Amino acid sequence: MTARDPFPSEARDDLLVEVAVALPLFGRYTYAVPAALREMVAVGRRVLVPFGRRRVTGYVLGFAADAPAAALKQIEGLLDPDPLFPAAMLPFFQWISDYYMHPLGEVLQAALPTGINVADQQLVSLTDEGREVLPEQARTPWERAVVERLSRGACRLPVLQRLGGDDFSRTALQQWEQKGWVTRQNTLGGGRIRPKTERFVRPLTEPASQERLSAPRRALLAVLAQRGAMAVSALKAHIPTAADLVRRMAADGQVAIEWRAVYRDPLGAPITPDNPPAPTPEQQRALEGMGAAIGKGYRTFLLVGVTGSGKTEVYLRLAAEALARHTTVLVLVPEIALITQTERAFRARFGRQVALLHSGLSDGERLDQWQRIRNGEVAIAIGARSAIFAPFEQIGLIIVDEEHDDAYKQEGALRYNARDLAVVRARQAEAVAVLGSATPSLQSAYNAQIGKFERINLFERVDQRRMPEIFVQDLTDLREERGSRRFLTAALTEGVRHCLEQKEQVLLFLNRRGFANALICAACGQAVQCDRCDISLTYHQQSNAYKCHYCGFSQAAVARCSRCGSNRINRLGIGTEKLAAWIQELFPTARVARMDRDTTRRKGALVKILKALRERRIDILVGTQMVAKGHDYPYITLVGIICADLSLSLPDFRAGERTFQLLAQVAGRAGRGQRPGRVVLQTYNPLHFSITAARDQDYDAFYRQEIQFRQALGYPPFTRMVQVRITGRDQKGVIAHARRLGETGSALQQADPAYGELVLLGPIEAALARIADHHRWQLLIKGPRVAALHRFVHQLLFGPDAPTPKSGIRVAVDVDPVFLM
DNA sequence: AGCACGCCGACT
DNA sequence: GTCGGCGTGCTC
C-alpha cells in the first residue's frame with residue numbers, strides 16, 4: 001500500500017486505489033476511480049466494486065502508484081455518506097489479519113456493524129414462455145417446488161437452492177435459461193441494516209401571514225414555533241391528525257418536510273446519576289499511578305483487586321481522567337445477555353456520554369451506537385468483545401474488566417481475543433490499557449511478572465467487609481451413597497436450614513445443567529449418546545427429553561437402548577434441574593429458583609429472576625456458572641459449591657486455571673451485602689491446589705503452583721500455540737487431509753532449522769470427535785517464539801506446498817486457542 | 001464465497 | 001454418442 005496525497009496532480013486522470021473485498025481472499029485488488037468519485041474516495045471508505053461477474057463490498061486500503069498487468073475496473077460507488085471508521089484504524093485491522101491469518105476484507109466485515117454489506121445476488125424469474133412450458137416440464141419434486149415458487153414471482157438463487165434441497169442442480173437451471181424459460185439478473189442484495197431516518201417538519205410561514213390559516217394549521221405552527229423542527233411522529237402527540245395536516249401544509253409551502261437521521265435508543269430505563277464515593281487511600285494510590293500515565297504513551301496495567309475492593313470505582317475515575325485530557329475511553333466487559341454492573345455504573349456516572357455495544361442490541365441499534373461513536377457524540381463506549389473495534393479517534397484509555405474471562409475469545413470464522421487486541425490497540429494508539437480481575441489469567445499475571453505489564457494491587461475491601469469464610473467438604477466418603485445423599489453433605493444442608501431460618505438467601509452452584517447427564521442402559525451398560533455427536537445425552541425432566549448440549553439435538557425420553565433394545569435407562573449423574581428438585585424435596589416450603597441456560601433462554605427471564613432475588617421472593621437459587629458473572633446478590637449469605645471438580649478433569653491444560661477462577665468468583669458472591677458470607681465447597685479433591693487456593697482466596701499461591709506446571713510441560717505462557725482444526729462430514733476425507741497436513745508440517749520442519757524449536761502434536765482426533773455430524777481432527781503446534789511459529793503455520797496452510805482440502809473439508813486456524821477440545 | 005470451465009460415468 | 005456430475009482455478 002502506498003499512502004499518498006489523495007489528489008496527486010500528476011495522476012489526476014488515473015487515480016488508482018487498492019481494495020480488499022469482503023470475501024475469503026487474501027489478495028488486494030487495484031481499481032480506477034472515476035472522476036465523479038475522486039473527491040470522496042479516501043482510505044477506509046467502503047465501496048462497491050465489480051468483482052468477477054458480480055459486484056461486492058470492498059474497502060479502500062490505500063492509493064496505488066501504478067496499475068497491475070490485469071485489466072483495470074472502476075469503482076462503482078461509495079457505500080456510506082461518511083467514512084465508517086477512522087483511516088488510522090487500518091493498521092490495527094491489518095495487524096489482526098496478519099496475526100490471526102485471516103483475510104483483511106473479512107476482518108473488516110467482522111469488525112464493522114453487521115448487516116450493512118452489499119453484494120450482487122442472482123435474481124431468477126420465469127419468462128412468459130417458461131410460465132407456460134415449465135409447469136409440465138418439471139419432473140422431479142425439487143423442480144416442481146422451484147417452478148411453483150417462481151410462478152409466484154422472482155426469487156433469489158440461494159432461496160431456490162434451499163427450496164430444492166440436496167437435489168438442486170444449477171446446471172439444470174442454466175439449461176432452462178438457455179431454452180429461454182427463465183432469466184437471471186444481478187441485483188444488489190444485503191445492506192438490510194441502514195441508519196434510521198424520520199420525517200421532520202420545519203415551519204416556513206412568517207408569523208404575520210398566519211392569520212388566514214385554519215385553526216389546526218395555526219395550532220401546528222404554534223407547536224413548531226415553540227419546539228423548533230420536530231419529527232412528524234412526535235408531533236402526533238400534540239396534534240393527532242399531524243401526518244395528514246403536514247402533507248397538505250407542505251404542498252401549500254407553509255412547512256418543509258425533510259428526512260433526518262435519528263438514533264434507535266437501546267438504553268431503556270434511565271439510570272439515576274450516582275454520588276461518587278471518595279476513593280480509599282489504596283484506590284487513590286492506584287489512581288495516581290495509572291491516571292498520570294494517560295496521554296503519555298503506551299502502557300498496560302494489570303489491576304488485581306479482590307472482590308469488593310472497588311475496581312469499578314477505579315475504572316470510573318480513570319475514565320474521568322481520560323475525558324479530562326480530551327481522549328476517549330473504551331471499556332470491555334465479558335459477554336452476558338444482560339447489562340452488567342460495570343455498564344450500569346458507567347451510565348450512572350457519565351450518562352449520555354456513553355455508547356453501548358452489547359449483544360442485546362438489534363443490528364440497527366448497534367449501527368446507531370457505532371455512528372454516535374463515529375460522529376464524536378460520545379466519548380465512552382462500553383461493550384462485549386466486539387466493542388474493541390469501536391471507531392474512536394484519540395483513544396486514551398482501554399479498560400478490560402474481568403480480563404481472565406473466556407468470553408473475550410471469539411470463536412467462529414475470525415478467532416480473536418479481545419483482551420489481547422485491547423493491548424495491541426492501546427500500543428498502536430499510544431494509550432493506556434488497564435486489565436482488571438480478582439483472578440487474572442496466567443498469561444496476564446506472567447506478563448506482569450516479566451515486566452511487560454505493570455501490576456497494581458487492591459487488597460482491601462471497601463467498608464472493611466470481611467472475605468467470606470470457606471469450608472471445604474470432602475465428598476469422597478459419600479461415594480457409596482445414593483441419590484441426594486451423595487451430594488448434599490450435612491454441613492451444606494445444615495447451612496441451608498440455618499439461612500432459611502434467618503430469612504437469608506442461599507446460592508447453590510453446579511456447573512452442569514439438565515437433570516441427569518449419565519444415561520446408562522440398565523440391561524447392558526451402554527450409554528445413551530447423540531446420533532450426530534460423540535457425546536452423552538443429558539436428560540431434561542421439564543421437557544422429558546434427552547438433549548445434546550453440543551448440537552442442540554433433542555429426542556423424547558422414551559428411547560430404547562441402541563445396543564440391546566432395553567427400555568430401562570438409568571438416569572445417573574446430576575445437573576441443576578435434579579439439584580433443584582432435591583432441594584425442594586428437602587425444604588418443601590422454601591422458594592427455589594433455577595438460573596441456567598434453560599431457564600433464561602426467553603427474553604426477560606433473567607431479569608425476572610434477578611428482580612425476584614432482589615425483592616427476596618426467592619430463598620434458594622440453583623445455578624450454573626451463569627450465576628458467577630456480573631451480578632450482585634446483596635442478600636445471599638451462603639454459597640454452596642456442589643461439586644467443584646466438574647471442570648477440573650477436562651482434557652485441557654487450562655482446566656486448573658478455569659476451576660480456580662470459577663470457584664474464586666462464585667465464592668465471591670457470598671456476603672456482598674452487610675452480612676459476612678459463608679461458602680461450603682464440596683469436592684473429591686480437597687488437596688488439589690486449585691481448590692485449596694480458591695479456599696484461601698489466594699491468587700498468588702495458585703499462580704506460583706500453576707506457573708511451574710506450565711513451565712515444566714511447555715505450555716503457555718512459556719510457549720505459544722496454534723491449533724489447526726480439520727472438520728467435515730466425510731470422516732475419511734477429514735482424516736486424510738489431517739494426515740497430509742501433518743506430513744507437510746513434518747517436511748517443512750525438516751527442511752528449515754528455524755523450525756527445530758517447534759513441537760507438532762498430532763494430527764489426532766479432537767477430544768470432541770464429532771459435533772453435529774461433523775468429524776473433527778486437529779493439529780496443535782507449539783513454539784517458544786511467536787514469529788517462527790506463525791511463519792510455519794502460514795507456510796503450512798498457505799505456502800506453495802500447502803495441501804488443498806477436498807470440497808466439504810474445512811480447515812480452521814485458531815491462533816492462541818483457549819478451548820482445546 | 002461464487003461462478004465458469006473442463007474432464008469422466010450413466011442414460012437416450 | 002450426449003447429459004450432467006463436481007474438481008480446479010480465478011476474481012483488479
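What you see is a predicted model, and the numbers here were worked out from it, not measured in a lab.
Rounded to an integer number of Å, the gap from A/Leu23 CG to C/dC10 P is 17 Å. We find that CZ of A/Arg184 is positioned 10 Å from C1' of B/dA4, with the value rounded to whole Å. When the C1' atom of C/dC12 is taken as reference, atom CG of A/Leu48 falls 14 Å away, rounded to whole Å. Rounded to an integer number of Å, the gap from A/Gln121 CD to B/dC3 P is 9 Å. Atom NE2 of A/His102 is separated from atom P of B/dA1 by 10 Å (rounded to the nearest Å). Regarding A/Asn117, its CG atom lies at a distance of 16 Å from the P atom of B/dA1, rounded to whole Å. Atom CD in A/Gln109 sits roughly 11 Å away from atom C1' in B/dA1 (whole-Å rounding). Straight-line distance from the CD atom of A/Glu76 to the C1' atom of C/dT11: 15 Å, rounded to whole Å.
In this structure, A/Arg419 is not positioned above the aromatic face of A/Tyr408 in the sense of NZ or CZ being under 6.0 Å from the six-membered ring centre and within 45° of the axis.
Within the 4.0 Å cut-off from OP1 or OP2 of C/dT11, not a single side-chain nitrogen or oxygen of A/Tyr29 is found.
Relative to the side chain of A/Pro24, the nucleotides B/dC3, B/dA1, C/dT11 differ in distance, and B/dA1 lies closest. Nearest to the side chain of A/Arg53, among C/dC12, B/dA4, B/dA1, sits B/dA4. Taking every side-chain heavy atom of A/Leu157 into account, B/dC3 is the closest of B/dA1, B/dC3, C/dC12. For A/Ser807, counting side-chain heavy atoms from C-beta on, the closest listed nucleotide (C/dC12, B/dA4, C/dC6) is C/dC6.
The six-membered or imidazole ring of A/Tyr59 lies away from that of A/Phe93, with a centre-to-centre distance of 6.0 Å or more. When ring centroids are compared, A/Phe389 and A/Tyr416 come within the 6.0 Å threshold.
Heavy atoms of A/Tyr31 sit under 4.0 angstrom from primed sugar atoms or phosphate atoms, though from no base atom.
Applying the 6.0 Å contact sphere to CD of A/Gln529 captures more than 12 heavy atoms from other residues, nucleotides or ligands.
The residues A/Arg194 and A/Asp80 are annotated as not salt-bridged, no charged nitrogen and carboxylate oxygen being separated by less than 4.0 angstrom.
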